[in-house]
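Step one of this worksheet: look at the structure below.
Order of the sequence lines sets the chain letters (A, B, ...), proteins ahead of strands, with each chain counted from 1. What you see is a predicted model; the values in this text were computed from it and never measured. Computed over heavy atoms, backbone and side chain alike; hydrogens, waters and symmetry mates excluded.
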Protein chains: 2
Amino acid sequence: MPVKNEFEEEQIDLLFHALSDRTRRDIMGKVSEGEQSISDLARQYEMSFAAIQKHVSVLEKASLITKRVEGRQKLVSNNPETLRRATELLADYERIWTHRIDAIGRILDEEQERKEQ
Amino acid sequence: MPVKNEFEEEQIDLLFHALSDRTRRDIMGKVSEGEQSISDLARQYEMSFAAIQKHVSVLEKASLITKRVEGRQKLVSNNPETLRRATELLADYERIWTHRIDAIGRILDEEQERKEQ
DNA sequence: ATAAGTTACAACCAAATGGTTGTAGATATG
DNA sequence: CATATCTACAACCATTTGGTTGTAACTTAT
């Protein structure tokens, strides 16, 4: 186990893959300002409705967004919990991959460096 | 500009794409314990040398690792700076996409307000 | 009831991805 | 020198990805 985290490897694949596309990152930004239907989103891009629908689906499979039914439309909003866990995950990777001991150790080191300057 | 960050969008694509594969994340872990040649790495996986070479190449294009020539071999080590910036980037996205206003953000905002008066 | 709006999904296509094998060029070692 | 090791890279292949159009179903409005 490289990183002790609640994520499954499969889920991590989906997460980073979802974030690796500009349009999808942009959608994340748009829905963060309020729920939007898939049509609302599609109108803001120069690609087909189906293309945006697929991007939303990729984000949904990564649990980065959720859809809510409202009449004939599905309202898309983002999922702060997954974002929080993703940020934590990458911070964990950073710590492990760079042999950083832990947050407290780092703060103490930086404290030390400041004093020595 | 969704996130004010030193990364270009293209670079962000490469970054998250590089991280979206288990083998590549595993390589990041292995090289974090010390430099390894590509052959060293390849021996630890049940896939061809060329496959590992390609994975290393993807990590290199994302600036997550660097290669150093040592005789007939190339020693791979990871790039802590990119990892640090990647973690920051995702933290920025989290903050922006979830409208979180943290202590640092508030301090900077207040700083700005003071200057503008 | 009809029409318009919204979504889901299938079928298709070109390009990218993740793997393979094979070949060739350096570099080290007997 | 001859041979083994290490890397680069091309060619190939199957699958996935990111896009398209088209069709069907459901919901709302006229």
Side-chain angles (χ1 to χ4, degrees), chain A residues 8-31 34-79, chain B residues 8-31 34-79:
Chain A
E8 301 285 343
E9 286 292 305
E10 171 69 23
Q11 197 57 24
I12 302 177
D13 291 354
L14 293 177
L15 235 180
F16 287 127
H17 170 66
L19 292 173
S20 73
D21 181 278
R22 271 164 253 216
T23 303
R24 287 193 291 264
R25 290 194 300 272
D26 202 66
I27 289 174
M28 289 297 291
K30 292 229 198 289
V31 300
E35 285 181 321
Q36 299 204 35
S37 73
I38 306 180
S39 290
D40 287 342
L41 288 169
R43 265 180 236 112
Q44 306 173 63
Y45 296 92
E46 290 185 343
M47 64 183 84
S48 68
F49 171 83
I52 295 299
Q53 205 177 24
K54 280 192 187 180
H55 281 305
V56 168
S57 166
V58 170
L59 289 169
E60 190 180 23
K61 272 165 191 143
S63 300
L64 282 166
I65 59 108
T66 53
K67 289 192 284 188
R68 179 171 77 80
V69 179
E70 172 116 336
R72 67 184 155 187
Q73 52 192 5
K74 297 256 179 107
L75 297 182
V76 177
S77 53
N78 66 11
N79 188 342
Chain B
E8 300 286 343
E9 287 291 305
E10 172 68 24
Q11 198 57 23
I12 302 177
D13 290 353
L14 294 177
L15 236 181
F16 286 127
H17 169 66
L19 292 173
S20 74
D21 181 278
R22 273 165 252 214
T23 303
R24 287 193 291 264
R25 290 193 300 271
D26 201 67
I27 290 174
M28 290 296 291
K30 294 229 198 289
V31 300
E35 284 182 322
Q36 299 204 34
S37 72
I38 306 180
S39 292
D40 288 340
L41 288 170
R43 266 180 236 110
Q44 307 173 62
Y45 296 93
E46 291 185 342
M47 64 183 85
S48 68
F49 171 83
I52 295 298
Q53 206 176 24
K54 280 192 188 179
H55 281 306
V56 168
S57 165
V58 170
L59 288 169
E60 191 181 22
K61 273 166 192 142
S63 300
L64 282 165
I65 59 109
T66 53
K67 288 192 286 191
R68 179 170 79 79
V69 179
E70 173 116 335
R72 67 184 156 189
Q73 52 192 5
K74 296 259 179 104
L75 297 181
V76 177
S77 54
N78 65 12
N79 188 342

How long is the line joining [atom1] of [X] and [atom2] of [N], in whole Å?
| X | N | atom1 | atom2 | result |
| --- | --- | --- | --- | --- |
| Glu35(B) | dC6(D) | CD | C1' | 16 Å |
| Leu75(B) | dT7(D) | CG | C1' | 12 Å |
| Asp21(A) | dT16(D) | CG | C1' | 14 Å |
| Asp13(B) | dG18(D) | CG | P | 10 Å |
| Lys74(A) | dT28(D) | NZ | P | 14 Å |
| Gln73(A) | dT27(D) | CD | C1' | 10 Å |
| Phe49(B) | dT5(D) | CZ | P | 13 Å |
| Arg68(A) | dT7(C) | CZ | C1' | 16 Å |

Just wondering, do [Y] and [X] contact through their side chains at under 4.5 Å, heavy atoms?
| X | Y | result |
| --- | --- | --- |
| Asn78(B) | Leu59(B) | no |
| Leu64(A) | Leu19(A) | yes |
| Leu75(B) | Ser37(B) | yes |
| Arg24(A) | His17(A) | yes |
| Ser77(B) | Arg68(B) | no |
| Arg22(B) | Ile12(A) | no |

Original post:
Side chain of Arg72(A): nearest nucleotide among dT27(D), dC9(C), dA4(D)?
Top reply: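 Of all the options, the side chain of Arg72(A) is nearest to dT27(D).
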
Original post:
Where the side chain of Met47(A) is concerned, which of dG19(D), dC6(D), dG19(C) is the nearest nucleotide?
Top reply: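 In terms of side-chain proximity for Met47(A), the closest of dG19(D), dC6(D), dG19(C) is dG19(D).
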
Original post:
By a strict heavy-atom criterion of less than 4.0 Å, which residues belonging to residues 37-46 of chain B are in contact with DNA chain C?
Top reply: none

Original post:
Taking for each residue the nucleotide of DNA chain C with the nearest heavy atom, is it Glu70(B) or Ala51(B) whose nucleotide lies nearer the 5' end?
Top reply: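 Counting from the 5' end, the first nearest nucleotide belongs to Ala51(B).
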
Looking at [N], I'd like to know if its phosphate oxygens (OP1 or OP2) sit under 4.0 Å from a side-chain N or O belonging to [X].
| X | N | answer |
| --- | --- | --- |
| His17(B) | dG18(D) | no |
| Gln53(A) | dA8(C) | yes |
| Lys54(B) | dA16(C) | no |
| Ser48(A) | dT20(D) | yes |

Original post:
Which part of the nucleic acid does Arg22(B) contact within heavy-atom distance under 4.0 Å: base, sugar-phosphate only, or nothing?
Top reply: nothing

Original post:
Hey, which of His55(A), Lys67(A), Lys74(A) is the one that makes side-chain contact (heavy atoms from CB on, under 4.5 Å) with Glu60(A)?
Top reply: Lys67(A)

**OP:** For Lys67(B) and for Gly71(A), locate the closest nucleotide of DNA chain D by heavy-atom distance; then report the residue assigned to the nucleotide nearer the 5' terminus.
**Re:**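 That would be Lys67(B).
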
